[in-house]
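In the text below, chain A, chain B and the rest are named by the order of the sequence lines, each starting its count at 1.
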2 protein chains.
Amino acid sequence: MQGAFRALADPTRRQILKHLSRHEMSIGDVANRFDITRAAVKKHLTILEEGRLISVTARGRERFNRLEPEGLKSAADWLGFFDRFWDHRLDDLKSAIENHEKKSND
Amino acid sequence: MQGAFRALADPTRRQILKHLSRHEMSIGDVANRFDITRAAVKKHLTILEEGRLISVTARGRERFNRLEPEGLKSAADWLGFFDRFWDHRLDDLKSAIENHEKKSND
DNA sequence: TCTATATGATACCTTTTGGTATTATGTCAA
DNA sequence: TTGACATAATACCAAAAGGTATCATATAGA
């Protein structure tokens, strides 16, 4: 849980997840898509792994990083606790629109 | 988006959100529930506000912090992109169980 | 008005984070 | 075996995070 949110806090790591959602990639593959060094990418991948957002499999001299949605799911579940709050808010918005349809651009 | 995930990365801030989900609270109210100084709590609340997870309203000499689920929703929406991955994974798990029910503890 | 209280604003400290550069290790392929 | 390549491991650096202590400001209430 903590590891997952920690991993998600960095925009580069979130981008990496989007890339990995298409297909698994080696560290070099990932690094080619960013302007940072392979070493920095490796650190990000380690943090993603600690957060259980990816899993890593060695194959020959390469290590393939694959999406492992377990951590993503735990984060989504945590956020799910608050669903009711924005549901209510959407209801409020809806009735506000219905009650004030006469108003124009404001 | 970025602000939301940054705000969610810290466990104290996530706890604060849970508290605020019950009712709005002043800074002092929040601080009484943690072992850190009011100044530290104030910093957390500022970061939560920057991530649009709370809104603050001054009333007299107090400032009331209220849940503002907009940022939570944007984070949940981002995670929603990956729904299909853990759905598929659950399917995989299900068929794996069905196909290998004979196996015991492994 | 005077005082206690709730908060704001700084300054400062330590640890973590995101990054680089460098060196070492393991593996593929000629 | 040897050279090229993919990654690992370290050491190091600057900036951000999370925290404290301190002082200033504003307001509720006697």
Phosphate contact (D/dG19 OP1 or OP2) by B/Thr37 side-chain N/O below 4.0 Å:
no
Just how far, in rounded Å, is C1' of D/dA24 from NZ of B/Lys42?
14 Å
Nearest heavy atom decides the nucleotide; on that basis, is A/Ala39 or A/Asp10 closer to the 5' end of DNA chain C?
A/Asp10
Would you classify B/Arg59 as touching base, sugar-phosphate or nothing, given that sugar-phosphate means primed atoms plus P, OP1 and OP2, and contacts are heavy atoms under 4.0 Å?
nothing
Check this one for me: any side-chain N or O of B/Ser26 less than 4.0 Å away from OP1 or OP2 of C/dT7?
yes
Distance check needed: D/dT7 P versus A/Asn65 CG, whole Å only.
8 Å
Hey, is the side chain of B/His44 poking within less than 4.0 Å of OP1 or OP2 on D/dA17, counting only N and O atoms?
no
Determine whether a donor-acceptor pair (one donor, one acceptor, N or O, separation below 3.5 Å) exists between the side chain of B/Lys43 and the base of D/dG19.
yes
Provide, to the nearest angstrom, the distance between the CZ atom belonging to B/Phe64 and the P atom belonging to C/dA6.
11 Å
Distance, rounded to the nearest Å, where A/Phe5 contributes CZ and D/dA17 contributes P
18 Å
Verify the ring-centre separation between A/Phe34 and A/His19: is it less than 6.0 angstrom?
yes
Check the distance between D/dC13's P and A/Ile36's CD1 and give it to me in whole angstrom.
21 Å
In whole Å, what is the span from the CG atom of B/Asn32 to the P atom of C/dT5?
13 Å
If you measure from NZ on B/Lys42 to CD1 on B/Ile47, what distance do you get to the nearest 0.5 Å?
10.5 Å
Separation of atom CD1 in A/Ile27 from atom C1' in D/dT7, rounded to whole Å
6 Å
Between C1' on C/dG18 and CG on A/Leu48, what's the gap in Å once rounded to a whole number?
13 Å
Side-chain heavy-atom pair A/Arg14, A/Asp10 within 4.5 angstrom cut-off
no
Determine the minimum heavy-atom distance between B/Ala31 and B/Val41, stating which atoms define it.
CA-CG2, 3.7 Å
Can you check whether A/Arg38 has a side-chain N or O nearer than 4.0 Å to OP1 or OP2 of D/dC5?
no
With respect to the phosphate group of D/dG18, does any side-chain polar atom (N or O) of B/Arg13 fall under 4.0 Å of OP1 or OP2?
yes
Calculate, to the nearest 0.5 Å, the distance between atoms CD1 and CD belonging to A/Ile27 and A/Glu62 respectively.
9.5 Å
Donor-acceptor pair under 3.5 Å: do we get one between B/Arg61's side chain and the base of C/dT5?
yes
Proximity to the side chain of A/Glu62 - top-ranked nucleotide from C/dG8, C/dA6, D/dA6:
D/dA6
Select one nucleotide: of D/dA17, C/dG19, D/dG19, the one nearest the side-chain heavy atoms of B/Thr12.
D/dG19
